[in-house]
Visitor: 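Questions regarding the structure given below will be posed in turn.
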Amino acid sequence: MNNPKIFESNYKKLGFLVLDREAVDELNGDYYKPYIKVLFLPEDYSLTIDFKQYTTTTSSLFFINSNQYLQIEKEGKAPGYFMYYNRDFYCVQIHDAEVACDGLLFNNIFEMPMTALPERESGFVEGIFNQIQGEFDAVDSSQEEMIRTYLKQLIIKATRLWKVQQLGILNTEPSKEMDFFRDFSRLVEIHFRTKHTVADYADILGVAPKTLSNKFNRLELTQPNDIIKDRIMLEAKRLLGYSSLSVKEIAYQLGYEDPAYFNRLFSSKVGDTPSNFRKKYLQGKNVQSE
């Protein structure tokens, strides 16, 4: 594998790899799971993130949180770049909420981790990765801050592009409304194991349940109840695919005291029973690894 570049200091860590075949094999393992990940992939890469497959038809960025599962199935002809870091290295939590470590790229109601790069932006983004790579070759007292500055530039650029590509009519909404939708998304991420109803989240947000639903209806967005249930089902799939917990234990972990009700909910949302989903998923993984 090409030489990985690593910055590490006082619990802060960031690493950088140029993607070759060996690097891709390692990337598909467990080592990078705890880290926040950023991928720059030229065209013709295929990857799966949380059970959804993406294929790049143009250079694209992927922002993947530490609780998400990543598998690269196919490499393109041109090399890509992979960067990983922990929250100690970069996590803006109070200011610049859109570009924080739980900002739009990592936490949004569309569950979309991909940002396609228009040709005019691809060179700019690739240039940032090259600058970061260069920082590892010129050790200096300001190295850490320079790398963090480049990373923030990357996140700001990608956030702007992502908003244009994904938000549609939401881009014309006042920033206060945008903040409301992002707050809802963030709250679901925090509380989905224990709070399962629209009323739960309306209460935290200080609005009536009908008001919350109407905000989504007005813009023809996925309904809040579906967003909540989809997040619960995603976690159920992760636990079925990547843990040895029983279906009953998974139901309890997701806040359902009645495993039979959880089974019915999963079957209606996913189109298969939890046991069948696990069986098929594990069979598919075994076939891929042969």
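In this text the structure is predicted, and so the values were computed from the model without any measurement. What's counted below: heavy atoms across the whole structure, side chains too, no hydrogens, waters or symmetry copies.
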Visitor: When you measure from the side chain of Glu235 to the backbone of Ile232, do you find a donor-acceptor pair of N or O atoms at a distance under 3.5 Å?
Guide: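 No; judged by distance alone, with no hydrogens or angles, the pair does not exist.
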Visitor: Would you call Asp203 and Lys195 a salt bridge, using N to O less than 4.0 angstrom?
Guide: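 No, Asp203 and Lys195 are not salt-bridged.
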Visitor: Quiz question: by atom type and distance under 3.5 Å, do the side chains of Lys229 and Asn225 form a donor-acceptor pair?
Guide: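 Short answer, yes.
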Visitor: Is the backbone of Asp258 close enough, under 3.5 Å, to the side chain of Tyr252 for a donor and an acceptor to pair up by distance?
Guide: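 The answer is no, because no donor-acceptor pair under 3.5 Å joins these two groups.
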Visitor: Are Lys33 and Asp30 ion-paired here, with the side-chain N under 4.0 Å from a carboxylate O?
Guide: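 No, this pair does not count.
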Visitor: Do Gln143 and Phe7 have side chains that get closer than 4.5 Å, going by heavy atoms?
Guide: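 Yes, their side chains come closer than 4.5 Å.
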Visitor: Any salt bridge linking Asp137 with Lys5? Criterion: basic side-chain nitrogen under 4.0 Å from a carboxylate oxygen.
Guide: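 Salt bridge: yes.
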Visitor: Answer with yes or no whether the side chains of Tyr31 and Tyr84 bring together a donor and an acceptor at under 3.5 Å.
Guide: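 No - no donor-acceptor pair under 3.5 Å links their side chains.
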Visitor: Counting distance only, does the side-chain N/O of Ser46 pair as donor-acceptor with the main-chain N or O of Glu73 below 3.5 Å?
Guide: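 Side chain of Ser46 to backbone of Glu73, a donor-acceptor pair under 3.5 Å: no, none is there.
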Visitor: Cation-pi between Lys37 and Phe62: NZ/CZ under 6.0 Å from ring centre and within 45° of the ring axis?
Guide: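 No, Lys37 and Phe62 do not form such a contact.
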Visitor: Would you say the side chains of Tyr32 and Glu26 form a donor-acceptor pair under 3.5 Å?
Guide: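 Note: Tyr32 and Glu26 side chains meet the donor-acceptor criterion.
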Visitor: Judged by modelled atom types alone, do Asn214 and Thr211 share a side-chain donor-acceptor pair under 3.5 Å?
Guide: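 Thr211 and Asn214 do not have a side-chain donor-acceptor pair below 3.5 Å.
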Visitor: Are Asp88 and Lys13 within salt-bridge range, i.e. N to O under 4.0 Å?
Guide: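 Result for this pair is no, no salt bridge flagged.
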